[in-house]
Visitor: 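One structure, pasted below without further comment.
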Amino acid sequence: MKFVSTILRRSAVSAAAVAAAIFSLSAQSEDFNTGKYMEIQSMILRTLQSQYVDTVQLDDLMHKGIDAMLSTLDPYTVFIPEENEEDLDIMTTASYGGVGALIQKTPQGYIIVVEPYENSAAVKTGLHPGDTIVAIEGVSTKELTADQCSGRMRGRPGTELNMTVVRGRGGDTVDVVLTRERIHIPDVVYYGFLNDSTGYIQIGGFTVDGSRDVRRALEDLRADGRMKRLVLDLRGNGGGLMNEAVNIVSLFVPQGTMVVSAKGKHPAADFQYSTETAPVDTLIPLMVMVNSASASSSEIVAGALQDMDRATVAGVRTYGKGLVQTIRPVGYNTSLKVTTAKYYTPSGRCVQAIDYSHRNEDGSVGYVPDSLKKAFRTRLGRTVYDGGGITPDIEVEPKYYSRPVIAMIYGNVLSDYAIRYFNTHDSIAPAGEFLLTDEEYADFVKFAAQKDFDARTEAQIEMEGVLEAADREGLTGSVEGLEEEMDALLDRFSLSKEEFLEANKSTVKPLLEDEIVLKFYMRRGGAESALRQDVQLQKALELWDGTVPSAPAASGEEKAEEE
């Protein structure tokens, strides 16, 4: 037996030595390849700089090369040059020094104020939607791009900014001097009651101290005791700081509850977040609304509350972005935002889409076959799946908007008319009550008909495609009367802009009302107005009985014992 034991120990030592040698050779091979390609790259740059027929802009060439290299990894690992460091600050904190207003370039080439942010320097200085900024520090905005204008308007908080502005109301030209402030876009877009007993909080992001604002909203809704259930709306929330997301979950689950973990290639990238503060309410029935634009931290909040059976998730599958990014300095005041780990919900699900190279048009996770999905169990034993994003407990499709409606939105047709309306009306009804008259909508139809947007419907485009295919295949010339019949059919599918807007009044009018309310009452008012026509939310409320799942989540100790 002693002889056998000795042989086994020697075998184990030999195996360990072989493994170590293989690992060492692998590491040496990786180091050799890294050094080799760095040397090759350096030689290529020297050759281009000394021998290429035209002048080589090395900075531009290197930026493009780095971007192309990183694009082969994932969409979120990116190089941040020195001049974009301020954008990184905005991305991580939603704060910046500046005016606090959304601007856009006008057809005349100047800059127009589209939407001032609540409590911003722009509002305090009296800037309104429709005001035209014709000069910044004496430089005409006509000579600058929108990005260049935005860059000139930003600056260190406390510094002064001089602008020449043509008022949208009245047309007076005035010189405006404002003091730049640290602009922060609040995470809580709107909160209130959907009915006598249903509270509602819309969360637009996860930035510094955002969870504190959510806590205040929750406590305010609970104050008079009539709230019997609560909706957290994370639709369109692209994520942000993970610790703020964890703090929001902590409002509804016992202290010490594990919310999210991360696993990476390097052990240093592994971590686990648990709630650290006492909850506000562990019993109130909770529903979390999500859509395909709910990403990252939003998915962790929805997935964690779903795994704990603490909330019902409603809407459509989320984006499928579960990658951890870390900012690393890479020299010369530049940084690399690099993916270092993947997020996992309490049940063990990975939020990240299995294949993020194949996405839907909006960037969200595409179709995932059942064979690639893995089943997991919630705290109460319900089955949930990975494969990308969070699949809702109650699946409710959003309202469909046709191509011309989307074209009007992205073409600023609704916004432009809303600005005109703002400039010709001193006030409107409260945000939740404002409605356009039929005469005012007819005025919008005339306005929109003069705008340049693609008013072709999907049916019309499909029919045009059929006509083109029939022509390519020689059918229109060989089948008697076919061309005339198809042209007549296409005419029936084709509507003028006026005809389309009248036929789709029930869809377009509420969107226009929301946009007008946004100009008068800013983001909070626009969100309140939009709730009136939120058919997805209304349907989700009908399907939600507020009782399953609604049990409080287990504490951290109970969870550990269960596992």
Visitor: Quick one: side chains of residues 400-407, donor-acceptor pairs under 3.5 Å with protein atoms, not counting sequence neighbours, listed by atom name and distance.
Guide:
residue: Y400; atom: OH; partner: E458; partner atom: OE2; Å: 2.9
residue: R403; atom: NH1; partner: R456; partner atom: O; Å: 2.7
residue: R403; atom: NH2; partner: D454; partner atom: OD2; Å: 3.2

Visitor: Is there a donor-acceptor pair under 3.5 Å between the side chain of T77 and the backbone N or O of D74?
Guide: no

Visitor: For Y190, give me all partners under ring-ring contact (aromatic ring centres under 6.0 Å, His included), at least two apart in sequence or on another chain.
Guide: none

Visitor: Is the closest side-chain donor-acceptor distance between T198 and N195 under 3.5 Å?
Guide: yes

Visitor: Checking E440 side chain against T437 main chain: does a donor-acceptor pair fall under 3.5 Å?
Guide: yes

Visitor: Let me know which of I516, L414, L436 forms a side chain to side chain contact (heavy atoms under 4.5 Å, CB included) with F444.
Guide: L414

Visitor: May I have all residue pairs that pass salt bridge (Lys or Arg N to Asp or Glu O under 4.0 Å) and include part of residues 418-430, sequence neighbours excluded?
Guide: R420-D443

Visitor: Determine all donor-acceptor pairs shorter than 3.5 Å in which one atom belongs to a side chain in residues 517-528; sequence neighbours excluded.
Guide:
residue: K519; atom: NZ; partner: V114; partner atom: O; Å: 3.2
residue: K519; atom: NZ; partner: S415; partner atom: OG; Å: 3.1
residue: K519; atom: NZ; partner: E515; partner atom: OE2; Å: 3.2
residue: Y521; atom: OH; partner: I428; partner atom: O; Å: 3.1
residue: Y521; atom: OH; partner: A429; partner atom: O; Å: 3.1
residue: R523; atom: NH1; partner: P186; partner atom: O; Å: 3.4

Visitor: What pairs with K263 under salt bridge (charged side-chain N to carboxylate O under 4.0 Å, His left out), at least two apart in sequence or on another chain?
Guide: none

Visitor: Please name all residues satisfying ring-ring contact (aromatic ring centres under 6.0 Å, His included) with F271, sequence neighbours left out, ordered by chain then number.
Guide: Y273

Visitor: Donor-acceptor pair, N291 side chain versus S294 backbone, under 3.5 Å?
Guide: yes

Visitor: Any chance you could lay out the salt bridge (charged side-chain N to carboxylate O under 4.0 Å, His left out) test for D534 and R235, step after step, and finish with the verdict?
Guide: CA-CA 12 Å; D534 194 336; R235 289 174 295 176; 2.5 Å; yes

Visitor: Look only at the side chain of T275 and the backbone of P254, and say whether a donor-acceptor pair between them is shorter than 3.5 Å.
Guide: yes

